[in-house]
Each structure stands twice: as structure tokens, then as C-alpha cells.
K.L.:
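The structure under discussion is supplied below as C-alpha cells; questions concerning it will follow.
Letters A, B, ... mirror the listed sequences (proteins, then strands); counts begin at 1. Fair warning: this is a prediction, and the values are worked out from it, not measured in the lab.
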Amino acid sequence: MRIKNHPILSFDTEETIEFSYNGKKLRGVEGDTIASALHASGIKKLSESIHLKRPRGFYCAIGNCASCNMVVDGVPNVRTCITPLKPGMVVNNQVGKGKVYEE
Amino acid sequence: MKNKEAVIIGAGPAGLKAAKQLLEAGAHVTIIDRNKKLGGQLVKQTHKFFGSEKQYASFRGIDILEILVQGLKPFEDRLEILNETSVVGLYKDKVVACVKHDNFFKIKAKSIIMATGASEKHLPFENNDLPGIYAAGAVQTLMNEYGVKPGDKVLMVGSGNIGLIVSYQLLQAGVDVVALVEAAPQISGYLVHASKIKRLGVDILMQTSIKRAIGKDQVEQVEIWELDEVWQGIPGTERVLGVDTVCISVGLAPLTELLMQIGADVEYIRELGGNVPRIDFRYETSIKGVYACGDVVGIEEASSAMVEGAMAGIHAAHDLGYTVEDESRKLKVLQEELKFLRSGPHAAKVRAGYTKLEVKT
């Protein structure tokens with residue numbers, strides 16, 4: 001789902017940054033956020049609503065709406081839409097409100 | 001706690017222009033922004049601006065950003081940039097509580113310029129929380145900043161400038177815009193943008209809205225329906241469209257939460273997008289030494305945000321005791337520019353809003 005040809009912009013599409021998502025190995029590009037890398041891999045569901053467990057994706061992409069919160073390297077409620085992707089990150093879907101020290 | 005002179009919250013067009021004025025006057029400036037890159041929403045604006053030449057009309061947003069950032073370069077020794085930093089608390093004694101990565105720290109400021117901008121609104125309809133339903137500007141970020149397509153087939157909801165421009169940019173990225181629906185009987189953005197996407201084959205449906213999204217883990221289809229003259233859906237007019245993405249472009253709301261936390265006077269003004277701070281003609285809020293500019297004082301365009309930012313910066317510098325070269329002439333020119341930007345028929349709402357707020361500009 002990466003844009004290959006664009007009339008104005010050019011993008012680096014070489015996926016060199018490896019990270020894990022729910023135990024699976026995925027790759028993103030330099031400059032990705034966690035959410036953009038997941039989206040490029042076809043993953044739209046990032047979180048679940050707390051009570052009804054409805055699937056949620058990102059909505060605002062500016063770090064405002066909390067719809068993209070995930071557990072990253074054990075830390076819950078990370079706003080994945082504004083958090084830069086780094087090599088070796090461990091990204092997991094969050095269950096409920098998240099625990100302060102989640103392993 | 002670190003002591004700072006002028007602290008600017010938000011590094012969009014308003015914040016960067018305020019920074020430039022303060023730095024030129026001799027102040028020490030700290031810019032705080034939760035994103036990695038400076039520029040706020042300019043980072044994704046690949047379209048050319050309208051408005052006035054002085055606000056870079058005919059330049060693309062991404063190039064304007066470059067100009068604004070370059071403009072700060074000569075003052076690097078007095079400029080501190082705290083990116084990837086979220087302001088999580090703001091207090092009356094001008095203490096700014098921040099979080100950067102895992103670190104929590106506090107800053108004590110002499111003056112604060114709030115340039116927090118706005119966030120996109122949502123729309124109530126069945127299943128409006130399904131993945132695949134995004135704010136239109138969010139999709140613009142995903143595509144133009146990160147080079148990722150939101151999906152293959154899109155329904156755009158709303159014909160304001162963001163809806164129209166993002167529709168065009170979806171087409172540029174090779175994404176099919178199946179239809180654009182607008183609840184009102186007329187296009188609300190610039191007609192030049194609307195005719196551009198119409199020429200490219202996008203179906204623009206007036207007095208039509210989304211009734212519900214259909215899908216299990218993400219959007220698979222949507223149901224749209226026609227609206228009557230009081231904006232109620234007409235049963236029997238439903239149509240199902242096969243789309244995997246819905247973009248919501250129904251306006252923005254000022255990000256006033258921090259101003260509410262600090263106890264600044266805030267008023268709900270529909271025409272300006274929601275809760276906005278009461279400011280005087282010097283862009284100072286009800287709290288001395290706290291200024292606000294850009295979309296947080298009323299939803300407009302980046303062009304007016306830049307002018308407001310410059311004015312707020314000049315006043316803040318003056319109040320900090322700096323001499324702003326040619327101050328009154330500069331302010332007069334800026335006021336004229338703002339008046340020009342707000343003179344067209346599309347700015348009627350903004351003019352009405354500021355009349356209600358009783359800003360003496």
C-alpha cells in the first residue's frame with residue numbers, strides 16, 4: 001500500500017527497519033511512524049475500545065484522538081501515529097486501558 | 001525546573017512566525033511540538049496556496065514550511081526546539097509541564113504563545129468507529145508525509161477545502177475516489193478545487209450524506225442517502241457503495257484544552273469552530289503574558305495563521321521589554337494583510353465569528 005509514483009513527492013520505499021507486531025516480524029521505511037508502517041503492511045486495526053472491544057484504527061494522525069494507542073516496548077497508550085518507528089520495536093495490540101508496567 | 005523566556009506551544013505556521021518575530025527582537029525562544037518535524041500541518045500540504053503573495057500564495061505548503069524554518073536559522077543560538085514533546089500541563093504561574101519520550105520536566109516561562117492549532121471533527125453515524133474511517137487531513141498525512149495509501153476506494157464526506165483538496169491528492173496517489181458527498185445544497189470550499197476533481201471523474205453528490213458504514217474489522221461498504229431541506233435522511237434513497245476507506249472532512253475544532261486548564265477565558269463561538277480563547281487586539285488572552293494565535297483562536301487558513309502568529313510574536317516581544325524595529329508600521333501592515341485575507345465571501349463566517357468575540361482589530 002506504499003505510493004510508488006507521485007507527481008509531486010518521492011518516497012523512500014525500501015523497507016529496512018525491522019520491528020515486531022503481535023509476535024510477527026514486519027518492516028517499515030526510514031521516516032515511518034509505527035502507525036504508517038503498520039498501515040503499509042495492511043494492518044488497519046490498531047486498538048480496541050475499552051468496554052465493547054470494538055476494533056479501532058487511527059483517526060486524526062496528529063497525536064490527538066487516542067484511537068491509535070498501542071503497547072510499544074512494554075509501554076501502554078503509546079500514540080503510534082506520531083511515534084517514529086525504530087529498529088527492533090516490539091509493538092502489540094493493547095487490551096483494555098493498559099497496565100503501567102506491561103511486559 | 002528550567003527558566004525560559006518566550007515559550008511557543010505548537011510549531012505550525014502561527015508558532016513559527018511568532019518565533020521569527022521574537023527572535024528578531026532579541027528574545028530567547030523555546031518551541032515545543034509533539035511531532036518530530038516542525039511545520040504543523042504544512043508538512044503534508046502539497047497544494048499551492050491561495051490568498052496573498054505576502055503569505056506565499058502559489059507556493060506549496062511543504063515549500064512554505066522550508067522558508068519558515070530557514071528564517072529561524074540565523075538565530076539558532078537563541079532558539080531551542082523541543083520536538084516530540086507533549087505539553088501535558090499548563091499553569092497560571094506560566095509553568096509548562098512537558099513529556100518527551102520517557103522524561104517529564106517543567107519549564108517556567110516569562111511569556112507563552114499558544115499556537116496549538118486545531119483537530120478535525122467527526123460525524124455521528126452507525127459504525128463510525130470502524131478502522132478505515134479517518135479524518136481527511138489524517139489521510140493527507142498518511143499519504144503525503146509517509147507515502148502510504150489509506151486504501152483503494154474512498155468515500156469523501158464533506159466538500160470544504162480539505163475535502164476537495166484531499167480528494168485530488170488521493171487521485172494523485174493513485175487511489176480511487178468513488179464519490180464525494182455533501183450535506184448542504186452547495187459546495188462549501190473553493191469551486192476551482194471542486195471543478196478540478198469533477199473533471200477527473202469524481203462523483204460529487206449534493207444534499208447527500210453517509211448513513212452507516214458496513215464491515216466487521218474494517219470498512220467494507222458504506223450506505224449513503226439523500227437529505228431533505230432540514231438535513232434529515234430520506235428513507236428509500238439509500239445506496240450501497242463498495243469502499244474500504246471513508247474520509248471525514250466536516251470542519252475543525254480549536255485545540256483550546258490547555259488554555260482551559262490554565263484558566264483563560266474561553267467562549268463557544270460556532271463560526272470559529274468551537275471553544276476559543278477571548279483575546280484582545282494584541283492577541284493576549286485573559287491571562288497576562290499568555291498569547292494565542294492561529295487556528296486555536298478560530299478556524300481559518302494557514303495564511304491568516306501566519307499573520308496572527310507574527311502579530312502575537314511582536315506583542316509578546318514588546319511586553320518582554322524588547323524593541324521591535326518599526327513596530328507600529330509592521331503591525332499596521334500585518335493588520336491590513338489580515339483584513340485582505342478575510343475580505344472574500346468564503347471568510348464571511350470568520351468575520352461573523354470575530355464580531356461575536358469582539359476582537360478589536
K.L.:
With chain B, which of A:Arg2, A:His6, A:His39 has the greatest number of heavy-atom pairs at distances under 4.5 Å?
P.N.:
A:His39
K.L.:
If you draw a 6.0 Å radius around NZ in A:Lys53, do more than 12 non-hydrogen atoms from other residues or ligands fall strictly inside?
P.N.:
yes
K.L.:
Taking atom CG of B:Asn35 and atom OG1 of A:Thr33, what is their separation to the nearest 0.5 Å?
P.N.:
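One finds 10.0 Å between CG of B:Asn35 and OG1 of A:Thr33.
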K.L.:
Between A:Lys45 and B:Gln218, is there a side-chain heavy-atom distance shorter than 4.5 Å?
P.N.:
no
K.L.:
What part of B:Asp102 gets within 4.5 angstrom of chain A, counting heavy atoms only: side chain, backbone, both, or neither?
P.N.:
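Neither; nothing under 4.5 Å.
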K.L.:
Of the backbone (N, CA, C, O) and the side chain (C-beta and beyond), which part of A:Thr83 lies under 4.5 Å from a heavy atom of chain B, both, or neither?
P.N.:
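Neither part.
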K.L.:
Examine distances only and state if a side-chain atom of B:Arg34 and a backbone atom of A:Ile62 form a donor-acceptor pair shorter than 3.5 Å.
P.N.:
yes
K.L.:
With a 4.5 Å cut-off on heavy-atom pairs, point out which of B:His101, B:Lys37, B:Gln41, B:His122 contacts chain A the most.
P.N.:
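Ranked by contacts with chain A, first place is B:His122.
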K.L.:
Working to the nearest 0.5 angstrom, can you tell me the gap between A:Cys60 SG and B:Ile248 CD1?
P.N.:
14.0 Å
K.L.:
Would you mind reporting whether A:Ile8 and B:Gln169 have side-chain heavy atoms less than 4.5 Å apart?
P.N.:
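No, every pair of side-chain atoms sits at 4.5 Å or beyond.
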K.L.:
Pick one of side chain, backbone, both or neither for B:Asn128, based on which atoms fall under 4.5 Å of a heavy atom in chain A.
P.N.:
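Neither part.
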K.L.:
Let me confirm one number: the CG-NZ distance from A:Leu9 to B:Lys44, rounded to the nearest 0.5 Å.
P.N.:
13.5 Å
K.L.:
Let me know if A:Cys81 has heavy atoms under 4.5 Å from chain B in its side chain, its backbone, both or neither.
P.N.:
backbone
K.L.:
If you measure from CG on B:Leu142 to CE on A:Met1, what distance do you get to the nearest 0.5 Å?
P.N.:
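One gets 8.0 Å once the value is rounded to the nearest 0.5 Å.
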K.L.:
Please tell me if the side chains of B:Asn127 and A:Arg54 come closer than 4.5 Å, counting only heavy atoms from C-beta onward.
P.N.:
yes
K.L.:
Most heavy-atom pairs under 4.5 angstrom with chain B, which of A:Ala35, A:Ala37, A:Ser67, A:Gly63?
P.N.:
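Looking at each of A:Ala35, A:Ala37, A:Ser67, A:Gly63 in turn, A:Gly63 comes out on top.
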K.L.:
Please look at B:Thr46 and chain A and tell me whether the side chain, the backbone, both or neither of the residue comes under 4.5 angstrom of a heavy atom of that chain.
P.N.:
both
K.L.:
Counting only heavy atoms not in B:Lys36, do more than 12 fall under 6.0 Å of its NZ?
P.N.:
no
K.L.:
Do you know the tightest heavy-atom contact between B:Lys149 and A:Ile3?
P.N.:
CG-CG1, 3.7 Å
K.L.:
Count the heavy atoms belonging to other residues, nucleotides or ligands that lie under 6.0 Å from CD of A:Glu30, then report whether that count exceeds 12.
P.N.:
no
K.L.:
In Å and rounded to the nearest 0.5 Å, what is the CG to CD distance from A:Asp32 to B:Glu145?
P.N.:
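A:Asp32 atom CG to B:Glu145 atom CD measures 10.5 Å (nearest 0.5 Å).
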K.L.:
Which heavy atom of A:Pro55 sits nearest a heavy atom of B:Leu130, and at what distance?
P.N.:
CG-CD2, 4.2 Å
K.L.:
For B:Ala138 and A:Tyr59, work out which heavy atoms get closest and say how close.
P.N.:
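Taking B:Ala138 first and A:Tyr59 second, the nearest heavy atoms are CB-O, 3.0 Å.
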K.L.:
How long is the straight-line distance from CG of B:Asp217 back to CZ of A:Arg56, given to the nearest 0.5 Å?
P.N.:
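Those atoms lie 13.0 Å apart.
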K.L.:
Under a 4.5 Å heavy-atom cutoff, which of B:Ser119, B:Gly132, B:Pro150 has the most pairs with chain A?
P.N.:
B:Pro150
K.L.:
Does NZ belonging to B:Lys121 count more than 12 external heavy atoms closer than 6.0 Å?
P.N.:
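Counting neighbours around NZ of B:Lys121, more than 12 heavy atoms of other residues, nucleotides or ligands fall under 6.0 Å, so yes.
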K.L.:
Identify which part of B:Asp129 has an atom lying under 4.5 Å from any heavy atom of chain A, answering side chain, backbone, both or neither.
P.N.:
both
K.L.:
Tell me whether the count of non-hydrogen atoms from other residues, nucleotides or ligands lying under 6.0 Å of NZ in B:Lys100 goes above 12.
P.N.:
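Yes, because the 6.0 Å sphere around NZ of B:Lys100 holds more than 12 heavy atoms from other groups.
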K.L.:
Side chain, backbone, both or neither: which part of A:Asn5 has a non-hydrogen atom closer than 4.5 Å to chain B?
P.N.:
backbone
